[in-house]
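FYI, the numbering just counts along the sequence from 1.
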Amino acid sequence: MSSEASDTLDQAMARSSGLDTLLRDLTDRAVQEVPGADACSITVRRAGRLLTLAGSDGMPSGLDLRQYENGSGPCVDAAETGEEQYAPDLAHESRWPSYTQYALSTGVRCVLAVPVAVEGESGAALNYYGVRAGALDTGREAARAFAARAGDAIDVALRIERRRQSAADVRTALLSRSVIDQAVGILMARERIDARIALERLRRVSQDRNVKLRDLCSQLVARVSAPDSHRRK
């Protein structure tokens, strides 16, 4: 990535209040930098399925989703095969008949999907949309260059998301462990039993009531901690 592109990414990250904002900035810049592009989106395979991470301002609703539902389309093929897909005029395109009909109904006439190498993901693509036949003919080189730079930006954004998710998972696990320990302690004091038996009882009630152990324990702790709990005993 060039220093100019890196500066732009750093500025976007500084402005960004989250992953969505950062990637939205990226797709908006793609429309500005690629001749003929009227909209842009980012496709990534995550947890075994394709999804759109972000779309530029003016991106027609459902364009990518229709491809995912059908299992075919330029961005699906680009992400899964790693090969660039270009449809200069969807009115004369036969590769994706169901998707083509829908795209034309939204006003899209030209589609270019460029594969993007993303660390830790099995498939990704940057998708450019034009409203005129052949709109992206002269912009393909610029689209490829931008997609190459975008790979770095998407990697950074996804790493940020993974770190945040990991931290959230740790916090959730710690909170769950804490409330379970509190509930075990309550049963130990009330029933004069050891920790192993108390935990087994909680698990059995959790299964019988079809309630998550964490939620069951939270309810018990909340009842005991209520201001009038002693009066209810």
Review point. At what distance, to the nearest 0.5 angstrom, does CZ of Arg140 lie from CG of Leu112?
Key: 6.0 Å
Study note, to complete from the structure: Output for pair (Ser218 OG, Lys212 NZ), nearest 0.5 Å, gives 11.0 Å
Taking all atoms of both residues into account, what is the closest heavy-atom pair of [X] and [Y], and its distance?
| X | Y | value |
| --- | --- | --- |
| Pro74 | Val111 | CG-CG1, 3.5 Å |
| Pro35 | Ala142 | CD-CB, 4.0 Å |
| Gln219 | Val211 | NE2-CG1, 4.4 Å |
| Thr27 | Gly55 | OG1-C, 3.4 Å |
| Ala150 | Leu26 | CB-CD2, 4.0 Å |
| Val114 | Ala147 | CG1-CB, 3.7 Å |

Is the shortest side-chain heavy-atom distance between [X] and [Y] below 4.5 Å?
| X | Y | answer |
| --- | --- | --- |
| Tyr86 | Asp137 | yes |
| Asp64 | Met59 | yes |
| Arg204 | Arg209 | no |
| Pro115 | Glu84 | yes |
| Val224 | Arg190 | yes |
| Val108 | Val131 | no |

Check your understanding: If you measure from the Lys or Arg side-chain nitrogens to the Asp or Glu carboxylate oxygens, is any gap between Arg109 and Glu93 under 4.0 Å?
Key -> no
Check whether [X] reaches the backbone of [Y] with its side chain - one donor and one acceptor, N or O, closer than 3.5 Å.
| X | Y | value |
| --- | --- | --- |
| Asp89 | Ala133 | no |
| Ser56 | Cys40 | yes |
| Arg45 | Ala124 | no |
| Gln85 | Glu83 | yes |
| Thr100 | Trp96 | yes |

Practice item. Go through the steps for Leu202 and Leu220 under the test side-chain contact (heavy atoms from CB on, under 4.5 Å), then give the verdict. Key: CA-CA 10 Å; Leu202 288 168; Leu220 175 59; 4.3 Å; yes
Exercise for review: I would like to know whether Arg24 and Asp57 meet salt bridge (Lys or Arg N to Asp or Glu O under 4.0 Å); could you show each step before the answer?
Suggested key: CA-CA 8 Å; Arg24 178 66 175 269; Asp57 184 37; 3.7 Å; yes
For [X] and [Y], test the side chains for any donor-to-acceptor distance below 3.5 angstrom and give the result as yes or no.
| X | Y | result |
| --- | --- | --- |
| Tyr128 | Ser41 | no |
| Tyr68 | Thr52 | yes |
| Thr43 | Asn127 | yes |

Report yes or no: do [X] and [Y] belong to one cluster of Ile/Leu/Val/Met/Phe/Trp/Tyr joined by side chain heavy-atom distances under 4.5 Å?
| X | Y | result |
| --- | --- | --- |
| Val184 | Val205 | yes |
| Tyr129 | Ile42 | no |
| Val44 | Leu50 | no |
| Leu136 | Leu90 | no |

Review point. Checking Arg66 against Tyr99: charged group under 6.0 Å from the ring centre and within 45 degrees of the axis?
Key: no
Check your understanding: Around Arg95, counting heavy atoms of other residues, nucleotides and ligands shown, do more than 12 lie under 6.0 Å from its CZ?
Key -> yes
Point to revise | Atom CD of Glu200: over 12 foreign heavy atoms under 6.0 Å | key: yes
**Study point:** side chain to side chain donor-acceptor pair (under 3.5 Å) evaluation trace for Tyr102 with Asn70
**Key:** CA-CA 11 Å; Tyr102 177 80; Asn70 293 337; over 6 Å; no
**Study point:** Derivation of the side-chain contact (heavy atoms from CB on, under 4.5 Å) call for Glu33 and Arg149
**Key:** CA-CA 12 Å; Glu33 295 188 21; Arg149 303 200 313 269; 2.7 Å; yes
